[in-house]
Amino acid sequence: MLNFEGRVAIVTGGAQGIGRATVMALAERGASIGLTNIRCAKLDSTIKELEDMGRKVLKFCVDVTDVEAVQEMVEQTVATWGKIDILVNNAGITKDNLVMRMKTDEWEAVLKTNLDGAFYCIRAVLPTMVRQRYGRIINIASVVAQAGNVGQANYIASKAGIIGLTKAVAAEVARRNITVNAIAPGFINTPMTEGLPPEVKEKMLSMIPMGRMGTDSEVAQGVLFLASPETSYITGHVLNINGGMYMA
Ligand code: NDP
C-alpha cells in the first residue's frame, strides 16, 4: 500500500465527491491534510472523521477564486507543518448551456473556479515546493476536455485549460523534483452528476465500454498514484480514469 506518513497535502473542494474520497484515501495512508471548501459547514463531518482516525487536519473555508484566501491557506499550512508535499486541484463547477445561450457570467464563473482557481493554488504552493525540492501537483481535468461535449463549452474550455496549465507548469518545475500531472475522469458518480436527467445518464452510459459510472474512490486511487514519491518520473501526463469512454 502506498505510504503517505509525514506528507502534507492540500485538497481543494474536499467536502464531497472526488475531493472527499481523495482526502480520505490520503489520510488513511498517513497524510496530514489541509482541507478546503467554499461552503465551510460541509467540511465538518469529514474533519471529524479525519480526527477520529488520528490524522492532523487544517480546515480552510476558502473559495479558490479568492487569491488572498488561497495565499493565506498556503501560508498557514506552511506555518503549521513546515511544508506542502501534495496539492490536489479538485474544486470544480459546471454551468451548462449551449454556446448561443450561454450567459457571460456562466462562462466566467466556470473559468474562474476551474482554471483560475487552480492557477492561484499552484502559484501559491510553488515557492514552498521549489524551496523543499519536492512536490506533487495533481489537477483534476475531465474526459470532455479530450472528447468534447454539447452544452459544456465553458467547462470544456476550463478543463482543456487545466491540461495545458499542467503541461506548462510541469516543464517549468521539472528540474526541481516537482511533478505536475492531470487526471481526466470520465462519468463519475458524485453529487455533481447525480442530478443529471435520466436520459442524459443513459446516453453517457451507452458511451462507456465498461457500462457503468466510475466511483469517487476509483478516481482517488489515480490521485494516490500520481501523488506518491514512487511516481517520480511521470510529469505532464494526463491519466484517463474513464472506463474506456475515451481512449487516447
Ligand atoms: P462535486 O460537485 O461533487 O464536488 C465539488 C466540490 O468542490 C464541492 O465540495 C464544492 O463545494 C467545491 N467547490 C466548488 N467551487 C469551489 C470553490 N470556488 N472553492 C472551493 N471549493 C469549491 O464534484 P465532483 O466530486 O464530481 O468533481 C470534482 C472534480 O472532478 C471537479 O473538478 C470536476 O469538474 C471533476 N470531474 C468530475 C466528473 C464527474 O463525473 N463527477 C468527471 C470529470 C471531472 P460546494 O458543494 O460547497 O459548492
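All ligand and atom numbering here is 1-based and tracks the order in the structure.
Any N or O atom pair closer than 3.5 Å counts here, and Ile93 shares no such pair with ligand 1. Residue Ile18 places at least one N or O, backbone or side chain, under 3.5 Å from an N or O of ligand 1. Looking at ligand 1, you'll find an N or O of Lys159 within less than 3.5 Å of one of its N or O atoms.
Selection from Gly92, Ala15, Ala91, Gly19 by nearest heavy atom to atom 5 (C) of ligand 1 gives Gly92. With atom 1 (P) of ligand 1 as the reference point, the heavy atom nearest to it among Lys42, Gln16, Met245 is part of Gln16.
Near Ile140, meaning under 4.0 Å from one of its heavy atoms, ligand 1 places the atoms 29 (C), 30 (O), 35 (C). Each of the atoms 25 (O) of ligand 1 lies under 4.0 Å from some heavy atom of Gly17. Near Thr113, with a cut-off below 4.0 Å to any heavy atom, the atoms of ligand 1 are 15 (N), 18 (N). Atoms of ligand 1 lying under 4.0 Å from at least one heavy atom of Asp63, given by number and element, are 17 (C), 18 (N), 19 (N).
Residue Gly214 places every heavy atom at 4.0 Å or more from ligand 1. Ligand 1 lies within reach of Val62, whose nearest heavy atom is under 4.0 Å from it. At least one heavy atom of Asn90 sits closer than 4.0 Å to an atom of ligand 1. Residue Ala141 places a heavy atom less than 4.0 Å from ligand 1.
Under 4.0 Å is where a charged nitrogen must lie from a carboxylate oxygen, and between Lys48 and Asp52 at least one such pair does.
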